[in-house]
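In what follows, a structure is listed as structure tokens, so that the remarks can point back to it.
Letters go in sequence order (proteins before strands), and every chain restarts at 1. If you're wondering where the values come from, they're calculated on a predicted model, not measured in any experiment.
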There are 2 protein chains.
Amino acid sequence: MSLPHAILTALLEKPSSGLELTRRFDRSIGYFWSATHQQIYRELGRLEAEGHIRALAPAQPARGQKKSYEVLPAGRAELARWTAAAQDPKPHRDALLLRLRAAAVVGTAGLQADLGRHLELHRRQLAEYEEIERRDFPPGRDTAEDRLRHLVLRAGIDLETFWTQWLTQALAEVAAMPSE
Amino acid sequence: MSLPHAILTALLEKPSSGLELTRRFDRSIGYFWSATHQQIYRELGRLEAEGHIRALAPAQPARGQKKSYEVLPAGRAELARWTAAAQDPKPHRDALLLRLRAAAVVGTAGLQADLGRHLELHRRQLAEYEEIERRDFPPGRDTAEDRLRHLVLRAGIDLETFWTQWLTQALAEVAAMPSE
DNA sequence: CTCGATTGTGCAACTAGTTGCACAAGTGGC
DNA sequence: GCCACTTGTGCAACTAGTTGCACAATCGAG
């Protein structure tokens with residue numbers, strides 16, 4: 001139940017419209033929370049109904065027009081409450097690890113190509129995060145907020161680094177046992 | 001849509017009853033796929049209806065009794081098909097990273113305790129995986145299946161290692177900015 | 001000026017996973 | 001003998017996330 005809180009965080013960092021939020025969720029926010037535009041619009045509606053956010057009146061109201069939202073005090077309070085509350089980690093599920101384990105039983109035929117594709121995807125993601133790091137966290141800036149945000153980005157970078165290494169090794173293993 | 005395939009993999013490794021599966025999902029299978037007993041029973045029913053698995057007749061049939069399942073050829077074929085099929089990685093969501101990012105905006109008050117709790121949980125999980133590694137993968141054994149399964153376990157170990165390190169660092173950062 | 005592509009917003013239906021409960025059968029203590 | 005506890009199985013309702021579609025406004029090319 002964290003999508004509303006992800007949206008509150010994003011809106012506190014910068015008031016945005018649904019589409020702007022969608023873009024930010026695809027970019028930097030994506031490394032700890034992802035959401036489609038449909039989810040986001042639905043949730044914006046709920047948050048507004050609950051009085052946690054409100055739409056900023058556009059210059060000339062018209063249909064099909066950008067609506068920007070800002071967080072109300074009640075929304076900020078809810079986010080602070082949620083952030084401080086104890087929460088159990090969600091169990092993880094990783095289809096790729098499962099497939100490798102399955103391959104130990106039914107054979108590795110056909111697996112290699114997709115492992116390579118995943119490796120490439122993770123490499124690209126890693127490059128993107130490193131680009132964000134260069135742009136948003138140049139050496140020198142050192143406020144408390146920056147250090148926290150940088151720490152979160154580092155998690156994204158280190159995880160992608162791990163996956164590229166692991167997939168490289170997995171590919172080598174699978175290549176060494178042709179189709180079994 | 002991978003729970004059925006997780007169950008097929010587990011049953012191929014060793015035919016089991018619903019409860020035995022539940023236990024195995026809580027233990028070693030848990031590091032790449034988790035499921036509750038309710039999910040497992042529901043899915044066993046579906047897999048049986050589809051002709052992918054079948055119940056082994058118990059010695060003396062009675063209600064409320066263990067039913068063991070084994071995989072049929074159709075089930076094995078379906079698992080092989082799924083393993084080889086290209087699949088896009090699922091977007092990840094991590095509430096803890098989100099909370100840290102939120103804390104950069106609304107303050108870190110109250111966060112420290114839960115970070116410590118998570119660190120402890122990951123330490124324990126790590127210890128458990130390392131125990132499994134010692135027990136199931138002693139040096140020397142080297143079949144193809146073993147190498148694949150060991151690789152999967154290594155992913156679990158390395159990820160837990162990463163999280164313990166990251167959380168240690170996060171705790172240090174948060175401690176250095178008291179309540180903000 | 002107009003038609004097709006893009007931008008921006010949104011509903012509806014579906015799927016997967018979670019939570020809460022129920023109930024039968026066996027097991028150990030008193 | 002019976003009551004509380006554990007084991008094993010399962011249904012039903014709910015929640016979160018995904019997929020598929022729709023439709024208005026705007027913008028750029030011919």
Side-chain angles (χ1 to χ4, degrees), chain A residues 1-8 10-11 15-27 29-30 32-50 53 55-69 82 87-95 98, chain B residues 1-8 11 15-26 29-30 32-50 53 55-69 82 87-95 98:
Chain A
M1 241 271 304
S2 327
L3 175 57
H5 303 101
I7 292 180
L8 287 173
L11 287 181
S16 310
S17 68
L19 187 69
E20 283 160 358
L21 278 177
T22 302
R23 296 233 173 86
R24 294 170 61 200
F25 269 79
D26 282 344
R27 301 182 70 253
I29 298 180
F32 54 85
W33 210 268
S34 77
T36 60
H37 76 273
Q38 291 91 333
Q39 282 179 278
I40 290 169
Y41 284 117
R42 182 170 38 178
E43 205 57 48
L44 282 172
R46 284 182 194 155
L47 284 167
E48 192 177 22
E50 285 166 356
I53 62 174
L56 294 168
Q60 20 145 41
R63 294 215 289 169
Q65 181 159 349
K66 270 200 249 189
K67 257 192 298 184
S68 269
Y69 291 91
W82 177 81
Q87 288 173 52
D88 286 329
K90 287 270 167 222
H92 22 92
R93 299 195 168 88
D94 192 305
L98 173 54
Chain B
M1 241 274 303
S2 328
L3 175 56
H5 303 100
I7 291 179
L8 287 173
L11 286 182
S16 311
S17 68
L19 185 70
E20 282 160 359
L21 278 177
T22 303
R23 296 233 172 87
R24 292 170 62 199
F25 270 79
D26 282 344
I29 298 179
F32 54 84
W33 209 269
S34 77
T36 60
H37 77 274
Q38 290 91 334
Q39 282 178 278
I40 290 169
Y41 283 117
R42 183 169 39 180
E43 207 56 49
L44 283 172
R46 284 181 195 157
L47 285 167
E48 192 176 22
E50 286 166 356
I53 63 174
L56 295 168
Q60 21 145 41
R63 294 215 288 170
Q65 181 158 347
K66 270 202 249 189
K67 257 192 298 184
S68 268
Y69 291 90
W82 176 82
Q87 288 173 51
D88 287 330
K90 287 269 165 223
H92 21 91
R93 298 192 169 93
D94 192 307
L98 173 54

Next on the checklist: Between T36(A) and G18(B), which residue's closest nucleotide on DNA chain D lies nearer the 5′ terminus?
Outcome noted: G18(B)
Checklist entry - Which atom pair, heavy atoms only, marks the closest approach of L44(B) to L11(B)? => result CD2-CD1, 4.3 Å
Using the 3.5 Å cut-off, write out each protein N or O paired with an N or O of nucleotides 12-15 of chain D and the distance between them.
none

Next on the checklist: From CZ of R93(A) over to C1' of dG17(C), roughly how many Å is that when rounded to an integer?
Outcome noted: 6 Å
Item to check | Side-chain donor or acceptor of E48(B) paired with backbone N/O of G45(B) under 3.5 Å | outcome: no
Item to check | Lys/Arg-Asp/Glu bridge criterion (N-O < 4.0 Å) met for E43(B), R46(B) | outcome: yes
Next on the checklist: Whole angstroms only, please: what is the CD-P distance between Q39(A) and dG20(D)?
Outcome noted: 15 Å
Checklist entry - Do R24(B) and S16(B) have a side chain donor and acceptor closer than 3.5 Å? => result yes
Checklist entry - What residues, two or more places apart in sequence or in another chain, satisfy ring-ring contact (aromatic ring centres under 6.0 Å, His included) together with W33(B)? => result none
Checklist entry - How close or far is atom C1' of dG10(C) from atom OH of Y69(A), stated in whole angstroms? => result 10 Å
Item to check | dG10(C) base / H37(A) side chain donor-acceptor hit below 3.5 Å | outcome: yes
Checklist entry - Looking at DNA chain D, which of residues 43-50 of chain B put a heavy atom within less than 4.0 Å of it? => result none
